[in-house]
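Since the structure comes first, as structure tokens, the remarks are kept for the end.
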Amino acid sequence: MVLWVFGYGSLVWNPGFEVDEKVIGFIKDYRRVFDLACIDHRGTPEHPARTCTLEEKEGAICWGAAYCVRGGPEIEKAAMEYLERRECEYDHKTLVDFYKEGDDSEQPYVTDVIVFTSTPDKISNKYYLGPAPLEEMAGQIATAFGPCGNNRDYLFLLEKAMFDIGHEDDYVIELANEVRKVLLNLSGLLKENKLSSLSPLKMKASPGAIAMDSPLKMKALAGAIAADS
């Protein structure tokens with residue numbers, strides 16, 4: 001028996017388990033959306049992060065990476081146990097057909113590939129946030145953080161990972177650019193607040209004090225620990 005897993009989020013750049021083969025390709029009739037809450041990696045219960053899940057859409061394709069694990073039941077079991085801990089917000093393991101990049105055949109490269117998905121229902125799935133306006137999602141992603149790092153880093157790393165495999169996702173790019181706008185606005189507000197807190201006497205006596213260091217404490221592209229969902 002051979003285990004195949006399809007990654008479309010952080011698994012694209014960081015599978016986190018030993019693999020025997022990595023194949024770039026896509027699955028059909030699904031698209032990537034940021035509709036799932038993360039409360040233990042990139043967010044907290046009080047301020048959930050937004051991470052990827054898949055939404056069914058006829059005719060869509062979702063690019064990513066398929067990973068193969070060989071070596072027997074024990075090795076496959078260890079890989080699956082790791083993935084189930086890591087992907088704990090996803091309540092389904094769906095079997096899909098996977099199509100390899102550059103393969104012109106109409107037949108899938110591999111069938112019965114496991115992909116972690118979530119039920120799009122807020123009642124049966126407590127982690128499902130559902131869709132929201134782009135600006136609202138960007139504000140949430142720009143400010144959420146958890147034990148594994150900032151939510152924005154998850155998005156920026158996914159944007160880079162899709163670029164690196166040669167299949168950029170327009171939705172991811174649009175959301176990442178909106179998050180950058182939020183971060184710029186936050187930077188301006190922090191700078192304005194810091195300036196307004198200076199007394200007029202200090203400003204008059206020492207004009208050079210206004211030349212501050214970077215006011216944005218949240219680094220837009222800070223290094224992230226990417227062992228998350």
Side-chain angles (χ1 to χ4, degrees), residues 7-13 30-58 60-64 86-92 115-163 167-194 214-226 228-229:
Y8 56 90
S10 64
L11 290 177
V12 178
W13 74 84
Y30 287 96
R31 68 175 180 176
R32 189 183 285 106
V33 292
F34 272 72
D35 292 351
L36 194 68
C38 177
I39 63 172
D40 58 355
H41 288 88
R42 299 284 183 169
T44 63
E46 296 75 25
H47 193 170
R50 275 189 178 264
T51 52
C52 285
T53 186
L54 292 179
E55 178 181 82
E56 291 188 60
K57 184 180 181 182
E58 187 176 354
I61 63 172
C62 179
W63 285 90
R86 174 170 165 171
E87 311 291 270
C88 58
E89 282 93 3
Y90 300 85
D91 59 340
H92 282 297
V115 59
F116 286 83
T117 60
S118 55
T119 304
D121 182 282
K122 294 182 180 180
I123 296 175
S124 60
N125 181 3
K126 65 179 181 179
Y127 296 110
Y128 181 70
L129 295 172
L134 188 70
E135 297 80 3
E136 182 181 322
M137 289 196 295
Q140 185 175 356
I141 292 170
T143 54
F145 64 91
C148 289
N150 299 312
N151 194 182
R152 61 187 181 275
D153 291 332
Y154 171 94
L155 174 59
F156 295 150
L157 285 167
L158 177 59
E159 180 187 37
K160 181 180 183 300
M162 299 309 297
F163 174 82
H167 295 284
E168 294 174 284
D169 186 317
D170 290 341
Y171 169 75
V172 171
I173 293 171
E174 182 182 19
L175 185 55
N177 285 336
E178 194 66 30
V179 169
R180 292 184 181 102
K181 290 179 186 177
V182 173
L183 292 171
L184 284 173
N185 289 336
L186 287 174
S187 174
L189 286 172
L190 287 171
K191 183 176 181 180
E192 187 176 308
N193 290 339
K194 192 168 182 179
S214 174
L216 184 59
K217 299 303 181 184
M218 300 185 303
K219 296 181 181 179
L221 289 173
I225 301 170
D228 56 348
S229 57

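Legend: residues meeting side-chain hydrogen bond (donor to acceptor under 3.5 Å, both in side chains) with K160, ordered by chain and number and at least two apart, are D164. The salt bridge (charged side-chain N to carboxylate O under 4.0 Å, His left out) search around K57 returns none, not counting sequence neighbours. Scored by the salt bridge (charged side-chain N to carboxylate O under 4.0 Å, His left out) test, E56 finds no partners at all (sequence neighbours excluded).
Between A37 and P48, the shortest heavy-atom contact is CB-CB, 4.0 Å. Heavy-atom minimum distance, V182 versus A142: CG1-CB, 3.6 Å. A144 and A49 get closest at one heavy-atom pair: CB-CA, 3.9 Å.
Distance OH/Y90 to SG/C52: 6.0 Å, rounded to 0.5 Å. The CZ atom of F163 lies 14.0 Å from the CG atom of L158; values are rounded to the nearest 0.5 Å. Atom OG1 of residue T143 and atom NE2 of residue H47 lie 3.5 Å apart, to the nearest 0.5 angstrom. Interatomic distance, CG of N150 versus CZ of R42, reported as 7.5 Å (0.5 Å rounding). Atom-to-atom distance recorded for Y8:OH and M162:CE is 12.5 Å, nearest 0.5 angstrom.
Judged by distance alone, with hydrogens and angles left aside, the side-chain atoms of Y30 form no donor-acceptor pair with the main-chain N or O of T53 at under 3.5 Å.
At least one side-chain heavy atom of L183 sits under 4.5 Å from a side-chain heavy atom of R152. Between C38 and D40, the closest side-chain pair of non-hydrogen atoms falls below 4.5 Å. Put simply, the side chain of R86 reaches to within 4.5 Å of the side chain of S10, judged on heavy atoms. Taking the side chain as every heavy atom from C-beta outward, Y154 and C148 never approach each other to under 4.5 Å. Within the 4.5 Å cutoff, no side-chain heavy atoms of E159 are placed close to those of E168. L11 is listed as a side-chain neighbour of E87, based on a closest heavy-atom distance under 4.5 Å.
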Donor-acceptor pairs are to be reported for all side-chain atoms of residues 123-137 against protein atoms at under 3.5 Å, with residues two or more places apart or in another chain.
residue : atom : partner : partner atom : Å
S124    : OG   : D121    : OD1          : 3.3
N125    : OD1  : Y127    : N            : 3.1
N125    : ND2  : T119    : O            : 3.1

Which donor-acceptor pairs under 3.5 Å do the side chains of residues 169-176 make with protein atoms, sequence neighbours left out?
residue : atom : partner : partner atom : Å
D169    : OD1  : Y171    : N            : 2.9
D169    : OD1  : V172    : N            : 3.3
D169    : OD2  : R32     : NH1          : 2.4
Y171    : OH   : F34     : N            : 3.1

Are V12 and W63 close enough, and set up right, to give a side chain to side chain contact (heavy atoms under 4.5 Å, CB included), and what steps lead you there?
-> CA-CA 10 Å; V12 178; W63 285 90; over 6 Å; no

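For the salt bridge (Lys or Arg N to Asp or Glu O under 4.0 Å) condition, the pairs that include at least one residue of residues 44-53, sequence neighbours left out, are D35-R50.
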